[in-house]
Amino acid sequence: MSWRILTTVIGFGLLASPGLAAAPPPAMQETPALLEQVQSGALPPVGQRIPEQPRILRRFAGGDGPGQPGGQLNMLVASARDTLLMTVYGYTRLIGYDDRFELHPDILESYDVKDGREFTLKLRAGHKWSDGQPFTTEDFRFFWEDVANNKELSPSGPSVELLVDGKPPKVDIIDERTIRYTWDKPNPYFIASQARAAPLFLYRPAHYLKKFHIRYTPEKEILKSAKGGERVGRWIEIYRRLDVMYANDNIDLPTLNPWVNTTPSPAQRFVFVRNPYYHRIDENGRQLPYIDRVIFTVAATNLIPGKAGLGEADLQVRYLNMSDYTFLQKSTKSAGVAVHLWEASVGAQIAFYPNLNADDEVWRKLMRDVRFRRALSVAIDRDELNQVVFLGLAKPSNNTIMDRSELFRPEYASRWTNHDPWLADKLLDEIGLTERDPQGIRLLPDGRPATIVVEYASEETEDIDTLELVADYWRDVGIEMLAKPQTRETLRRRTFLGEAIMTAFEGVVTTVPTADTSPKEFAPTTRGALQWSRWGMFVESNGKQGEKCDMERACKLLDDLKEWETTTDPAVRRKAWGAILEANADEVFSIGTVNGIRQPIVVGLKVRNVPKEGYYAWEPGGYIGLYQPDTFWIAP
């Protein structure tokens with residue numbers, strides 16, 4: 001085993017490799033809120049609820065150290081669908097990142113990787129679901145055989161992360177704690193799929209879901225479980241409604257998360273209570289989470305900043321923006337809260353995506369001309385934009401990775417970003433856009449004014465202000481921009497159909513990669529990539545839909561990605577990453593504005609272990625998941 005792999009299988013204070021001796025857990029202390037249930041016999045004592053080798057947390061990102069159990073944490077959400085945020089925030093994963101962006105086994109006791117194609121996962125002995133039933137490899141077998149490979153539940157077969165060259169793995173159940181996945185070639189996406197904010201769950205609570213699966217229960221018995229008044233024709237309708245580990249809105253579905261949802265959806269107030277069988281403990285023998293209950297209260301999105309500023313939330317991380325910061329700061333003294341500013345992780349607060357697959361032949365040819373993309377980029381005064389819209393707290397940048405990444409180079413952020421309207425004019429003239437109408441707008445080769453309709457789906461004040469400023473910058477060089485709001489669904493559909501000429505959307509989310517992080521977001525690999533949606537769909541569908549890439553510099557990205565995918569050599573992977581990032585910066589496949597903006601976080605004065613400085617990202621870590629919210633606690 002290489003040193004790099006060895007470091008990934010060692011948890012905080014707990015040697016996790018099968019061949020290494022694990023430190024014994026400390027003497028356990030019973031959780032006060034559960035003591036009555038233990039004394040009555042409704043729950044076994046804590047020593048019988050946790051795994052034989054629990055995950056022991058000895059380092060606390062917030063810096064306040066081990067805490068005391070108890071208390072309630074109030075948070076605000078925008079809809080009943082936000083129950084999924086508990087899955088995201090709780091960040092309980094087979095393998096997960098810590099706040100240093102290092103991977104550790106979490107639910108797993110250990111994992112071992114050989115040649116990048118054989119993955120052996122070891123579960124913790126005695127680990128239980130939230131209802132007290134054993135968590136074993138039977139839960140993995142059930143998912144693999146009865147969900148991923150069930151033609152009715154999964155018509156397309158296993159997820160793409162479980163396929164290498166279109167082939168699934170060989171899955172071996174070694175024993176009730178050990179399972180092995182083996183491919184003929186390396187699978188570079190397998191581990192990462194487990195550490196995501198929205199993970200690829202490889203397991204299900206089989207003991208619960210078998211009651212609703214036709215292989216184990218007659219369909220007529222399954223249909224009897226339909227709720228009153230619910231019209232259900234087949235068993236799969238019931239099964240799909242109940243198998244919602246990510247959505248987290250089935251209160252009967254056992255979980256491994258730190259808190260368990262107790263409120264049926266829809267509702268205006270959701271109550272999550274501690275999972276008495278949770279697998280993490282602190283160094284003093286306290287079972288986590290520290291906090292007994294988390295309350296999600298639904299509020300209108302535009303009211304959440306005001307409510308948080310008035311102290312109606314003990315912790316608020318979503319639905320706040322820098323435009324709310326001044327108000328929040330003024331409210332701190334009277335509301336009994338503090339406001340932290342974390343660095344938001346996105347390649348660009350807002351980026352412009354020229355549609356290289358646009359149906360309009362004239363615009364498509366312009367968008368594919370690198371001189372046009374470069375001209376639009378250098379026409380933007382990012383320094384002024386930063387001062388006017390973001391109070392000078394952001395960093396002018398391309399739509400690229402951030403300097404926290406070990407792969408970062410300054411030129412990735414700065415290439416073609418210096419404000420130079422003279423150069424923009426020169427490039428546009430070189431293309432042949434020399435004629436102008438009476439208003440000073442350049443004319444396209446077919447005589448139409450060069451008016452770009454930029455479609456966007458944001459309601460954020462900063463984004464709308466950015467669009468207005470960029471429109472001024474582009475008009476100064478003879479390009480008119482009209483901003484057109486759309487829903488996200490409509491924006492993506494119109495882009496794929498080639499109807500949208502250009503879109504404005506948030507930047508890349510893969511902003512702190514290592515050499516082992518996939519660079520596929522920077523290549524035409526998915527339909528969701530707005531600058532080359534059709535090319536991405538072609539790759540995503542294995543050539544069944546979309547269009548094959550026909551632009552040399554963009555196609556080269558796929559070759560570089562393939563080089564990354566087919567090697568386990570860190571040096572080769574770093575080289576592939578460098579080629580991809582260099583091409584994105586030089587070719588300006590998307591036009592970035594600023595990044596590194598600050599995300600306000602409202603924290604109650606009694607809430608401990610929430611870092612004052614943090615990294616706010618969907619990936620990696622699910623917003624606050626990197627900082628292990630199960631270690632947050634309420635001071636008396």
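Below, each value reflects all heavy atoms present in this structure, side chains not excepted, and no hydrogens, waters or symmetry copies. Throughout, residue positions are numbered sequentially from 1 according to the sequence presented.
Here Lys520 pairs with nothing under the salt bridge (charged side-chain N to carboxylate O under 4.0 Å, His left out) rule; sequence neighbours left out. Shown here are the side chain to side chain contact (heavy atoms under 4.5 Å, CB included) partners of Pro519, two or more places apart in sequence or in another chain: Leu561, Trp564, Trp577, Ile580. Residues forming a side chain to side chain donor-acceptor pair (under 3.5 Å) with Ser130 (at least two apart in sequence, or on another chain): none. Listed by chain and number, the residues in a salt bridge (charged side-chain N to carboxylate O under 4.0 Å, His left out) with Arg196 are Glu161 (sequence neighbours excluded). Every residue two or more places apart in sequence or in another chain was checked for a salt bridge (charged side-chain N to carboxylate O under 4.0 Å, His left out) with Arg318, and none qualifies.
Of the residues Tyr181, Tyr189, Phe190, the one that meets the ring-ring contact (aromatic ring centres under 6.0 Å, His included) test with Phe119 is Phe190. Between Glu109 and the choices His127, Gln53, Arg177, Arg124, the side-chain hydrogen bond (donor to acceptor under 3.5 Å, both in side chains) rule is met once, by Arg177. Of the listed residues (Asp630, Asp282, Thr31), just one forms a side-chain hydrogen bond (donor to acceptor under 3.5 Å, both in side chains) with Tyr290, and that residue is Asp282.
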Inset, instruction - List the steps, then state whether side-chain contact (heavy atoms from CB on, under 4.5 Å) holds for Val602 with Leu315. - result: CA-CA 6 Å; Val602 172; Leu315 177 63; over 6 Å; no

Legend entry - Asp106 vs Arg93, salt bridge (charged side-chain N to carboxylate O under 4.0 Å, His left out): CA-CA, chis, key distance, verdict: CA-CA 6 Å; Asp106 180 18; Arg93 305 291 185 264; over 6 Å; no

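By the 6.0 Å and 45° rule, Lys210 stacks over the aromatic ring of Tyr216.
Pairs passing the salt bridge (Lys or Arg N to Asp or Glu O under 4.0 Å) check and including a residue from residues 242-257, sequence neighbours excluded, read Arg204-Asp243.
Open room surrounds CZ on Arg81; 12 or fewer heavy atoms of other groups in view lie less than 6.0 Å from it.
Here the two rings, on Phe142 and His213, have centers that are under 6.0 Å apart.
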